[in-house]
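In what follows, a single structure is set out as C-alpha cells and then discussed.
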Number of protein chains: 2
Amino acid sequence: MSTRSPRSRHPEAPRQATIRDVARAARVSVATVSRALNDSGPVRDDTRRRVRDAADNLRFTPHGGARSLITSRTNTLGVLLPDLYGEFFSEIIRGIDRSAQRAGYQLLLSSARNAHDEVHGAFRAMYGRVDGLVLMAPDVELAELFAQHRDGTPIVFINSPVTSEDARVITIDNHGGAYQMVKHLVRKGHQRIAIIRGAESNHDAAERLRGYRDALDDGGLPRDPRLEFHGDFTETAGYRAGRAALKLQPHPTAIFAANDAMAIGALSALREEGVAVPGAIAVAGFDDIPIARYVSPPLSSVHVPIAQLGERAMDLLLGAIVGPDHGAARRVVLPTTLVIRKSSP
Amino acid sequence: MSTRSPRSRHPEAPRQATIRDVARAARVSVATVSRALNDSGPVRDDTRRRVRDAADNLRFTPHGGARSLITSRTNTLGVLLPDLYGEFFSEIIRGIDRSAQRAGYQLLLSSARNAHDEVHGAFRAMYGRVDGLVLMAPDVELAELFAQHRDGTPIVFINSPVTSEDARVITIDNHGGAYQMVKHLVRKGHQRIAIIRGAESNHDAAERLRGYRDALDDGGLPRDPRLEFHGDFTETAGYRAGRAALKLQPHPTAIFAANDAMAIGALSALREEGVAVPGAIAVAGFDDIPIARYVSPPLSSVHVPIAQLGERAMDLLLGAIVGPDHGAARRVVLPTTLVIRKSSP
DNA sequence: CGCCCCGGTGTAACCGTTTACACCCAATCT
DNA sequence: AGATTGGGTGTAAACGGTTACACCGGGGCG
C-alpha cells in the first residue's frame, strides 16, 4: 500500500540530516565524520574540511538524545523545586544558572509540590536526561526517601533535613538568623515578642522557630505559646496572624515573621487597624526579598544569600559529577546577616 | 588486562537496571516488558503482574534518552530566554510551567544573551532533547535568523519582531499600552511629556516609543527630540535620565519610562533633588512589576499579563506539537491595561 | 474438519550517535 | 630487505528502549 520510505508523502520532506547523510555527502564513513566534528581522533586536514563543509551545507545538528545514550553524559542538570513562584525562586534559579552556564550545562527544570508521588514522578522523568540533580524539599519525609536512593546520579539537597552522613546538602543558617534577629529585638527592650511560624512540616520553619525560642531563653524571657502564631509563608497567613496578635490582651510589642511575605501581610493588618509601626509594634521578617526595602515602613529582615545558595549547590553538584569528591565538603551552611530598617529600629 | 564486563571492579556494582534485566527477572522478552509497562499491547494479567513486580524490585526506571531516540518524542520543551533575572523572568517561567505541567511536559531552560553565537549554540544543544521551543529574542537580527529555520521542531517567539507570515509569535500590545498611558497624561493637561527609551535594538522599546509619539501626535502636542532620553531598561539608566530631565530649561511635567525599573530610577533622582512627585513632575512606567505598588509614591504603570504571556506561548507551542495547527492563530497580541497610582494621578 | 481470527508472546530491526578494533599503507628502524 | 611504527580510515558493535512482524495455540465458523 504505502512505500517504506518516510519521504513518500512529499517528494522533498525536509528531514533533519543525520551523521549518515553527512558521511555520504563527504564520501567518508560515519566514524570519520564523528572524529572530524569532535576532534576525537586523527583526520587528514582536507578530509576534515570536506566533512565540515558537508555538515554545514546539510545544516547537520547532532541528536542530543542519541549522543547521550552512548556517552551516558547529557550535559544537563536537573532542578527540582517545590514551586516556581516569586522572588525566592527567581533568585535561586539565577544562582544555579550562573554556575551551570559557566560549566556549560543546561538546566532541566521541574516543579513538584511536596507530594511524594509528584516528586517521585518528576524524578523518574528526569532519569537518563540529566547528569545530576539539585533538589529542594523542605518537607521532612521526602528527604529521607531520597537519601537512600544512591544508585547513580548524584544529588544535592537544598534546605532539606537530610540526616544521612554522606548526603550532599546545603542550607542557610536558619537558626542563627532567627536567633540574631530576636536577640536584637530583646536588646531593644522588647518583652513580649511574637512569632508567625511557617508550615509545621517545613524544615526551615522549624529551625527559625528554634532560633526564636533559644533567643528568648538566652534573653531571660519566658516562652509563651500564645505568642506563637501559625502561618504557612503566605501574605494572607501573615495578615491573619497580624489581626490575631492585636486581639491579645497585652498585645506583643514586636512581631517576628518567619518570612517576609508574612511580615508584609502583618504590616497590612496593622496599618488597617491604625497601629503605628514601629511605634506601637515593631515588625521583622526573614529572607530580605527585594520588596522588603520598598514597603513602608521599610522592613527589617534577615538577609539570605539566595542566589549564592543556588550557585553553591550547583558547584557542589558539579564537583560530584566530574569525579569522586572525596575531600570536598558535603555539608555547607551559608551564613545570614541582619538587615535593620525602619520597621524595627 | 581487564575483563570486558563493567562489573569487574566491584563484585556488586549497583548499576541501574535496564529493561533487559527486568525481562530476565520476569522470564519474558523485552517486548513484553515494554508492552506491560506502557499498556501498549495485549499482555496476560498474571504476566503483567510478574513484570510489574520485577520492575519494582529492580527499581527499574526507563532511560529517557533511549526512549526518545526511537519514539522521537521527548516530553520536554525548550525555553530560551535572554536573561534569568528579576520579576519578569520569574513570572514568565511561572506561566510557561503552569501550561507545560498541565500537559505533562518538562522544561529545558537556557539563557543566552542576545548574541548570535550564544543563541545558536543553545539551540544546537537542545536539538534532539526537546519537542518544541519557546524563544524570546527582542533583538531584531536573531528573530530573522530563526524564522527561516523551518526544518522540524516548532518554535514560538515571544516579543520578537518576526515578520515571516507563518511564524508563530506572541506579543504584548506595546504600542497600545504606551499610547494609552501617554494619552492619559495628555488628558490630565501635561504639555511637556518626556520618555525614557529602551535599548535601540529592542523591539519592545521601539514599539513603546512609537506609542508615545502617536499619542503626542493625536493629542496635538509637538514632538521634541530633547524630551526623548536614552535608556537601557536598567534602574541606573532611569536615574541618569531623571537627572538629565531636571536640567532641561522648562523641565517636563511628566516622565514616561519605557519600563518600571527605569521609572524607579527616575523617582530616586527626583527625590534626591527634592522634586515633588506628582506635584512638580508626574512619573509613569511600564510592566507593572510587583514592586511598583510598593514604591513611594506608588507608581502608575501599564500592566502586562506576564505569566499569561508565558502560558499562552506554551499553549501555542503545544498546539503545534500535537498536530498541524492549520486553523489556529499564529499571531497573538495580548492586551495591556492601565494602572493609575499616586505617581501620576 | 479445515479455515480464519485473535490474544499473547518472542525475535530482531531500528533510532543516531560514539568508539574498539581491524586494516592499509607509507615512513622509519634494524 | 623485512619488521615495526603510526596516521588515516572503515566496519560493526554497542547504548536502552519501541515496535513491525512472525509465530503459536485455541475457539468460532462454514
Side-chain angles (χ1 to χ4, degrees), chain A residues 1-6 15-51 55 58-75 124-125 127-129 131 152, chain B residues 1-6 15-51 55 58-75 124-129 131 152-153:
Chain A
M1 195 72 83
S2 74
T3 36
R4 189 71 55 80
S5 158
R15 192 178 47 94
Q16 250 292 344
T18 76
I19 196 174
R20 254 169 279 271
D21 299 324
V22 178
R24 207 169 311 134
R27 314 183 150 278
V28 293
S29 73
V30 290
T32 301
V33 174
S34 177
R35 280 189 286 256
L37 260 30
N38 302 328
D39 286 321
S40 59
V43 178
R44 244 173 44 214
D45 276 357
D46 65 326
T47 312
R48 184 189 316 277
R49 240 190 317 275
R50 241 177 31 246
V51 171
L58 295 170
R59 291 218 164 79
F60 170 67
T61 308
H63 189 284
R67 175 179 271 175
S68 72
L69 179 57
I70 185 75
T71 60
S72 67
R73 290 201 58 231
T74 62
N75 262 286
R124 297 192 107 234
Y127 170 70
R129 328 192 103 101
D131 297 338
Chain B
M1 194 71 85
S2 74
T3 38
R4 187 73 54 80
S5 157
R15 191 179 48 93
Q16 250 290 347
T18 77
I19 196 173
R20 257 168 272 272
D21 298 325
V22 178
R24 208 170 307 132
R27 314 183 148 279
V28 293
S29 73
V30 291
T32 302
V33 174
S34 177
R35 281 189 287 254
L37 261 29
N38 301 329
D39 286 321
S40 59
V43 178
R44 245 173 43 217
D45 277 357
D46 65 325
T47 313
R48 185 189 315 277
R49 242 190 315 275
R50 245 185 18 254
V51 171
L58 295 170
R59 290 219 165 79
F60 170 66
T61 307
H63 189 283
R67 175 180 272 172
S68 73
L69 180 56
I70 184 74
T71 60
S72 66
R73 291 200 57 229
T74 61
N75 262 284
R124 296 193 110 235
M126 282 190 172
Y127 169 70
R129 326 192 107 102
D131 297 337
T153 51

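Convention: sequence-line order gives letters A, B, ...; per-chain numbering from 1. Computed from heavy atoms alone, side chains included, the values below leave out hydrogens, waters and symmetry copies.
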Inset, instruction - Find the distance D39(B):CG to dG8(C):C1' and express it as a whole number of Å. - result: 15 Å
Inset, instruction - Look up atom CZ in R67(B) and atom OG in S72(B), then write down how far apart they are to the nearest 0.5 Å. - result: 13.0 Å
Inset, instruction - Could you state the atom-to-atom distance from CG of L69(A) to P of dC14(C) in whole Å? - result: 17 Å
Legend entry - Distance, rounded to the nearest Å, where R67(A) contributes CZ and dG16(D) contributes P: 18 Å
Inset, instruction - Taking all non-hydrogen atoms of both residues into account, name the closest pair between R27(B) and R50(B) and its distance. - result: O-NH2, 3.9 Å
Legend entry - Least distance between heavy atoms, A23(B) atom then S29(B) atom: CB-C, 3.8 Å
Legend entry - dG16(D) phosphate, OP1 or OP2, under 4.0 Å from T18(B) side-chain N/O: no
Inset, instruction - To the nearest 0.5 Å, tell me how far R124(A) CZ sits from F60(B) CZ. - result: 7.5 Å
Legend entry - Separation of dG16(D) P from D21(B) CG (nearest whole Å): 9 Å
Inset, instruction - Have a look at F60(B) and say if it touches a base, only the backbone sugar-phosphate, or nothing, with a 4.0 Å heavy-atom cut-off. - result: sugar-phosphate
Inset, instruction - Could you check whether S34(B) gets within reach of a base, just the sugar-phosphate, or nothing at all, counting any heavy atom under 4.0 Å? - result: base
Legend entry - Over all atoms of both residues, closest heavy-atom pair of Y127(A) and T61(B): CE2-O, 3.1 Å
Inset, instruction - Give the rounded distance in Å between these two atoms: CG of N38(A) and P of dT17(C). - result: 10 Å
Inset, instruction - Just compare dA12(D), dT18(D), dT19(D) and give me whichever is closest to any side-chain atom of V30(A). - result: dA12(D)
Inset, instruction - Look at R49(B) together with D46(B) and state whether they make a salt bridge at an N to O cut-off of under 4.0 Å. - result: no
Inset, instruction - Starting at atom CZ of R129(A), determine the distance to atom C1' of dG16(D), rounded to an integer number of angstrom. - result: 13 Å
Inset, instruction - Please identify each residue that fulfils side chain to side chain contact (heavy atoms under 4.5 Å, CB included) with S68(A), with sequence neighbours left out. - result: T74(A), R129(B)
Output one line per pair: protein atom, nucleotide atom from nucleotides 23-25 of chain D, and distance, for all N/O pairs under 3.5 Å.
none

Inset, instruction - Starting from the first five and the last five pairs of the helix from dC1(C)-dG30(D) to dT30(C)-dA1(D), work out the angle between the resulting helix axes, to 10 degrees. - result: 60°
Legend entry - Spacing of N75(B) atom CG relative to dG17(D) atom C1', expressed in whole Å: 15 Å
Inset, instruction - Please figure out whether A17(A) or P42(B) has its closest DNA chain C nucleotide nearer the 5' end. - result: P42(B)
Legend entry - R35(A) (side chain) and dG10(D) (base): donor-acceptor pair under 3.5 Å: yes
Inset, instruction - Have a look at V33(B) and tell me which of V22(B), D21(B), T18(B) forms a side chain to side chain contact (heavy atoms under 4.5 Å, CB included) with it. - result: V22(B)
Legend entry - Contact under 4.0 Å: R44(A) side-chain N or O vs dG8(D) OP1/OP2: no
Inset, instruction - Determine the sole option in V51(B), V43(B), V28(B) for which the side chain to side chain contact (heavy atoms under 4.5 Å, CB included) test with R35(B) is passed. - result: V43(B)
Inset, instruction - I would like to know whether H63(B) and I19(B) meet side-chain contact (heavy atoms from CB on, under 4.5 Å); could you show each step before the answer? - result: CA-CA 9 Å; H63(B) 189 283; I19(B) 196 173; over 6 Å; no
Legend entry - Rounded distance in Å - CZ (R73(B)) to P (dG16(D)): 23 Å
Inset, instruction - Map I70(B) and T47(B) onto DNA chain C by nearest heavy atom, then report which one ends up closer to the 5' terminus. - result: T47(B)
Inset, instruction - Give a yes/no answer on whether the side chain of T32(B) brings an N or O atom under 4.0 Å of OP1 or OP2 in dG10(C). - result: yes
Legend entry - base_contact_polar (dG17(D) base, R20(B) side chain, donor-acceptor, <3.5 Å): yes
